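As the structure is a prediction and not an experimental result, all values here were calculated from the model. Throughout, protein chains are lettered first and strands after them, A, B, ... in sequence-line order, and every chain is numbered starting at 1.
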Number of protein chains: 2
Amino acid sequence: MTWQRVRAEVHRRITDRLWLPGESIPIEADLALELGCSRSTVNRALRALAEEGLLERRRKGGTRVTKTPAARAKLSVPLIRIEIEAQGARYAHRVLRRERIRSPATVRTSLGITDERRLLHLETLHLADGCPFVLEDRWVDPLTVPSLLEADLERISVNEWLVAHVPLSRGDIAFSAVAADAATASILEVEPGAALFVVERTTWRDESGITCVHLSYRPGHRVETTL
Amino acid sequence: MTWQRVRAEVHRRITDRLWLPGESIPIEADLALELGCSRSTVNRALRALAEEGLLERRRKGGTRVTKTPAARAKLSVPLIRIEIEAQGARYAHRVLRRERIRSPATVRTSLGITDERRLLHLETLHLADGCPFVLEDRWVDPLTVPSLLEADLERISVNEWLVAHVPLSRGDIAFSAVAADAATASILEVEPGAALFVVERTTWRDESGITCVHLSYRPGHRVETTL
DNA sequence: AAGTGGTCTAGACCACTCC
DNA sequence: GAGTGGTCTAGACCACTTA
């Protein structure tokens, strides 16, 4: 009995409603006995189902079938270059603006910056086969990534530079739909008011904010994944 | 040495660039020896890091640090009612349309339906504190969920009914931004052309398509998560 | 206080894949 | 063919939580 088979069997009992939502299922030891395997194997199977949101586990409380499981999707947000190349298009980018200025309060807040220091502000247009694909508006705190100031961002986009040099970080990400303002519309070569897919990301390393970025995708862009 | 500490230590060696992207790291047995724990513990730690996308593992090939890790987010898509109540608003829904008709080819294709059978088509408006929040346009194959035909969908929304009665299923999900057409705009009480956040989901049970749904969110809606 | 899941261990065998 | 990760086992102790 492999843990995958145990998992499949438990999954079946839930879908077949032998174990109803909200109900407790047998404890690991009993399941191990019934299925003829060790408790470790049962543990691994149940742990996997709990990570998927189908089971809820508590010490002493036992394991229950989740009442209303939220659909869970694993989203993978690749580099913009990879995203474009995956469509079979040629990637290019253009730096539209690069300046070191005081940042708006909203940016300072989301990065957790309290003083008045100037941040690096970058506006980059990413192109697929020469057509505007996404406009990147990014603020970077040079205190956390000083070497970025010397980087040749015409060759490597900030996006890629950061992933390569600060690969591991935690952050928030948000998706929304926004009507294009005049400036953005003109850069993306769409009508003002067009529905843009917007991704906002704030990235942290330990306790200090590194960068926050606003991505405005050309209409038609989709983010797809599997449940 | 717990597996979480092993994981943290390996994570540190990657962030500190002791192990560079693309490089192989020591084999499990050696790490176990060095860190003073059993191989199982190292295995669990490395497996976790691989699931996060930081490591790539292959039998015989060993374990390598991922070159360009894609940001990975776990997205949880809750019931619309839960979503609204989480904002502190009162939930309500209204069934705008309920009919049994032949479906458009696009719907038949995504559900994998080959014959001409009529599907259940439902249009439901979900309200937060009485204000339109999201418009749900859904097709259900009654062959896979026959009992839905007798459900009282004025009391329980289709959305919720399906989650409760067909809780376990796989599916695709896509996010995009779309300009509101006249009909949708009037229902959501926004200007035609407004930027709507759109979620499209197709849900399967085993090999048969259950339902496909198109959700048009009122402008301002955001989907947030953590990397 | 006691029951349940969380984890660690040491050892074993197996499956994959690179050389 | 051989090296590496994948997994199973039996037993043990611990941490949390609820009854």
Look at the side chain of A:Asp115 and the backbone N and O of A:Arg117, then say whether any donor-acceptor pair between them is shorter than 3.5 Å. yes

Under 3.5 Å, is there a donor on one side chain and an acceptor on the other for A:Asn43 and A:Arg39? no

Sorted by chain and residue number, the side-chain contact (heavy atoms from CB on, under 4.5 Å) partners of B:Glu23 (sequence neighbours excluded) come out as B:Leu20

Step by step, work out the side chain to side chain contact (heavy atoms under 4.5 Å, CB included) result for B:Thr211 and B:Val145. CA-CA 9 Å; B:Thr211 179; B:Val145 238; over 6 Å; no

Axis-to-axis angle for the helix from C:dA1-D:dT18 to C:dC18-D:dG1, ends of five pairs each, to 10°, equals 20°

Would you kindly give the CG-to-P distance between A:Leu55 and C:dT4, to the nearest whole Å? 16 Å

Grab the two heavy atoms, one from A:Leu35 and one from A:Arg13, that are nearest each other, plus how far apart they are. CD2-NH2, 4.1 Å

With sequence neighbours left out, which residue pairs that include part of residues 123-152 of chain A fulfil the ring-ring contact (aromatic ring centres under 6.0 Å, His included) condition? A:Tyr91-A:His126, A:His121-A:Trp139, A:Phe133-A:Tyr217, A:Phe133-A:His221

Are any side-chain N or O atoms of B:Arg98 and backbone N or O atoms of B:Leu122, one a donor and one an acceptor, separated by less than 3.5 Å? no

side-chain hydrogen bond (donor to acceptor under 3.5 Å, both in side chains): which pairs involve residues 144-164 of chain A, sequence neighbours left out? A:Arg81-A:Glu160

Under 4.0 Å from any heavy atom of chain A: name the first and the last nucleotide of DNA chain D that qualifies, 5' to 3'. D:dT7 to D:dT18

At 4.0 Å (heavy atoms only), tell me whether A:Gln4 reaches a base, stays on the sugar-phosphate, or touches nothing. sugar-phosphate

Under a 4.0 Å heavy-atom cut-off, which of residues 34-51 of chain B touch DNA chain D? B:Arg39, B:Asn43

From B:Arg7, B:Arg72, B:His11, residue fulfilling side chain to side chain donor-acceptor pair (under 3.5 Å) relative to B:Glu52: B:Arg7

Which comes earlier along DNA chain C counting from the 5' end, the contact point of A:Ala29 or that of B:Gly61, where each point is its nearest nucleotide? A:Ala29

Using a 3.5 Å distance criterion without hydrogens, assess whether the side chain of B:Asp129 forms a donor-acceptor pair with backbone atoms of B:Arg90. yes

